[in-house]
J.: 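The structure follows.
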Amino acid sequence: MSLATGSTPPALDAIREEDLRRDIFFLASDAMRGREAGTLDELRASMWIAKAAREAGLEPAGDDGTYFQFWPMRRVRISEGSEISLGNKPLALWRDVVVTTPVTSTVDLPVVFVGEGQPDQLANVDLHGKAVAAVVHAPTSPPAPNMSLRGYRYALAAVRQQSQALIDRGAGAVILVSDSVADDDMAFGFGGVALARGRYGLDTARSTLARGVTPNVPVLWVRRGMLDGVRAPGQRLTVRLYTESFSYPSVNVVAKVGGMDPARRHEYVLFSGHQDHDGVRYPIDGDSIWNGADDNASVSVALLAIARAWAKKPGARSALFVWHGAEERGLLGSYWHALHPVVPLESIVAVLNGDMIGRNNPDSAALLGAQPPHRNSTALARMALEANDRVTRFAIDSSWDRPTHREGWYYRSDHLPYACMHVPALFFSTLLHPDYHTPRDEPQRIDIAKLARMTRWMYATGWSVASVAERPALDTGFQLERRCAIGPRE
Ligand SMILES: [Zn+2]
């Protein structure tokens with residue numbers, strides 16, 4: 001046993017299965033309606049969390065002495081009154097045709113068919129002022145064979161890549177006809193539902209998150225059965241697309257426990273999760289409430305349990321608890337807080353984020369940000385692994401932390417914006433399962449004993465971070481294999 005960073009966390013017993021069970025059965029109940037970001041359901045869940053945090057003994061750390069940090073979420077979508085016809089035949093929006101990017105556009109153009117749009121097929125065709133139709137082909141970097149939602153990801157990557165090439169050559173509109181992969185219900189059908197919702201982003205000049213600035217060239221994705229229609233000579237495409245934009249409030253719930261050491265209490269260990277999920281959507285097996293019990297009520301209630309333990313026995317450094325809003329809309333709450341932290345960013349010594357910690361094999365778990373190129377603090381990763389050795393003894397599945405892993409799991413939760421801002425950060429997870437992002441992610445499927453053990457692991461790691469003399473150092477030369485949307489000021 002190493003004593004370099006470890007000291008036994010003093011209130012492990014305060015993390016109790018009965019509390020976790022009670023809380024997750026409430027937060028992920030049908031009454032909470034799936035906690036969709038930007039809706040009253042997310043606000044209701046956030047108020048419940050703030051109340052529980054206050055009862056746990058946490059102080060408010062949000063705006064004006066409250067537990068809340070409100071921020072605006074921008075949503076842009078295609079309006080219902082939009083119309084698209086091929087020839088004289090109107091197409092049903094989202095059922096026959098999917099508009100891949102919300103743009104305002106009116107065009108009436110002749111259709112030219114270019115096969116797969118390969119360079120030799122384009123060589124002698126003038127695309128200017130044409131609606132260019134092509135068949136989808138595999139994108140340059142296709143998703144791995146068994147990645148979740150593979151058909152949809154494949155189609156979206158293909159459509160983006162091919163449409164950009166055609167727009168660059170002057171196309172006035174683009175029609176991409178599904179190949180066999182993109183025509184699948186889990187690709188085209190899912191795309192119709194997902195893309196109808198529009199896109200979500202933040203209004204901020206400091207990042208590429210300010211979305212919606214795209215050329216007004218309509219990019220349409222259609223079923224394979226439309227191939228003969230677009231190939232027929234003399235066809236015209238008529239498009240009248242209108243967009244509407246909303247600014248919604250979303251919210252981060254923020255609370256803290258002050259540190260006991262006057263010299264270090266201005267430094268914080270940040271416990272992170274997200275309270276939102278996907279709300280009420282299309283039914284699967286008669287159930288339309290996407291409860292998000294594992295994703296991410298599990299960590300939301302884990303943070304409450306850690307808060308109770310922490311309030312009983314505060315650490316030397318302070319603890320900051322952030323329940324991020326709108327993670328499911330693109331990590332928006334954590335991007336917002338990383339750009340507008342409630343305490344100085346430099347005072348956050350580590351971010352311990354969790355997402356989905358209550359499923360799969362009882363004795364295994366994953367820690368992401370623990371190996372290069374995802375690891376940004378060797379010292380922090382070591383503290384978490386030592387805490388596991390001392391307290392929880394999970395077998396660690398490290399394969400999901402590799403840059404070659406098909407899911408790119410490291411990029412899919414709230415530690416990422418902080419890591420991009422060069423704050424030492426880790427991601428605790430028990431990984432994917434077949435109920436992920438379906439109405440079947442319900443509380444009765446959670447392994448409460450495992451959830452408690454994961455909670456103790458996060459708590460024990462945080463305790464080490466709060467107690468150790470030197471704050472965990474950022475590794476020099478840290479650079480992720482993908483580009484960050486935000487970064488530290490130069
Ligand atoms: Zn999640």
Side-chain angles (χ1 to χ4, degrees), residues 20 23-24 27-28 32-39 41-42 45-46 49 73 147-149 153 194 197 200 250-253 270-281 289-304 306 321-338 351-360 365-369 374 397 400-401 405 407-420 425-443 445-447 450-451 454-455 457-458 485:
L20 292 163
D23 288 350
I24 200 168
L27 191 58
M32 298 305 270
R33 296 174 54 81
R35 310 181 304 280
E36 181 174 341
T39 71
D41 301 325
E42 185 192 39
S46 300
I49 287 169
M73 178 168 63
M147 186 180 184
S148 51
L149 285 176
R153 296 181 201 278
R197 303 179 66 83
Y200 297 80
S250 184
V251 66
N252 297 327
V253 183
L270 190 161
F271 292 99
S272 155
H274 70 88
Q275 80 274 33
D276 72 306
H277 191 62
D278 276 347
V280 181
R281 299 203 165 191
I289 299 177
W290 297 44
N291 305 72
D294 193 30
D295 187 7
N296 196 18
S298 66
V299 173
S300 297
V301 304
L303 260 53
L304 288 173
I306 295 170
F321 296 82
V322 185
W323 291 262
H324 297 97
E327 189 271 353
E328 302 289 5
R329 304 281 73 79
L331 319 183
L332 298 182
S334 49
Y335 274 115
W336 185 269
H337 187 253
V351 171
L352 305 179
N353 177 56
D355 209 337
M356 303 171 64
I357 60 167
R359 295 284 300 257
N360 292 322
L367 180 69
L368 294 97
H374 301 157
D397 179 347
W400 290 58
D401 197 23
H405 192 279
E407 293 290 343
W409 200 235
Y410 179 83
Y411 291 88
R412 293 165 63 179
S413 193
D414 288 317
H415 54 286
L416 178 67
Y418 298 98
C420 285
L426 291 174
F427 172 20
F428 298 79
S429 180
T430 56
L431 305 170
L432 279 177
H433 46 80
D435 300 327
Y436 171 71
H437 283 226
T438 75
R440 290 186 300 267
D441 181 6
E442 294 182 297
R445 293 169 192 261
I446 298 291
D447 177 343
K450 183 173 187 180
L451 169 57
M454 287 296 290
T455 306
W457 184 18
M458 290 181 70

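Each ligand, and each atom within it, is numbered from 1 in the order the structure gives. Computed from a predicted model, the values in this text were never measured in an experiment.
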J.: Out of the candidates Leu332, Asp355, Asn296, only one should pair with Glu327 under the side chain to side chain contact (heavy atoms under 4.5 Å, CB included) rule; please name it.
T.: Asp355

J.: Using side chain to side chain contact (heavy atoms under 4.5 Å, CB included) as the criterion, point out the one residue from Asp435, Leu431, Ile446, Leu432 that pairs with Asp294.
T.: Ile446

J.: Which single N/O/S atom of Asp295 lies at minimum distance from the Zn ion (ligand 1)?
T.: OD1

J.: Quick one: pull up CG in Asp278 and CG in Asp295 and give me the separation to the nearest 0.5 Å.
T.: 7.5 Å

J.: Under 2.8 Å from the Zn ion (ligand 1), is there an N/O/S atom belonging to His274?
T.: yes

J.: Is it true that some N/O/S atom of Asp355, main chain or side chain, lies under 2.8 Å from the Zn ion (ligand 1)?
T.: yes

J.: Could you tell me which non-hydrogen atom of Ser272 sits nearest to which non-hydrogen atom of Val299, and how far apart they are?
T.: O-CG1, 3.7 Å

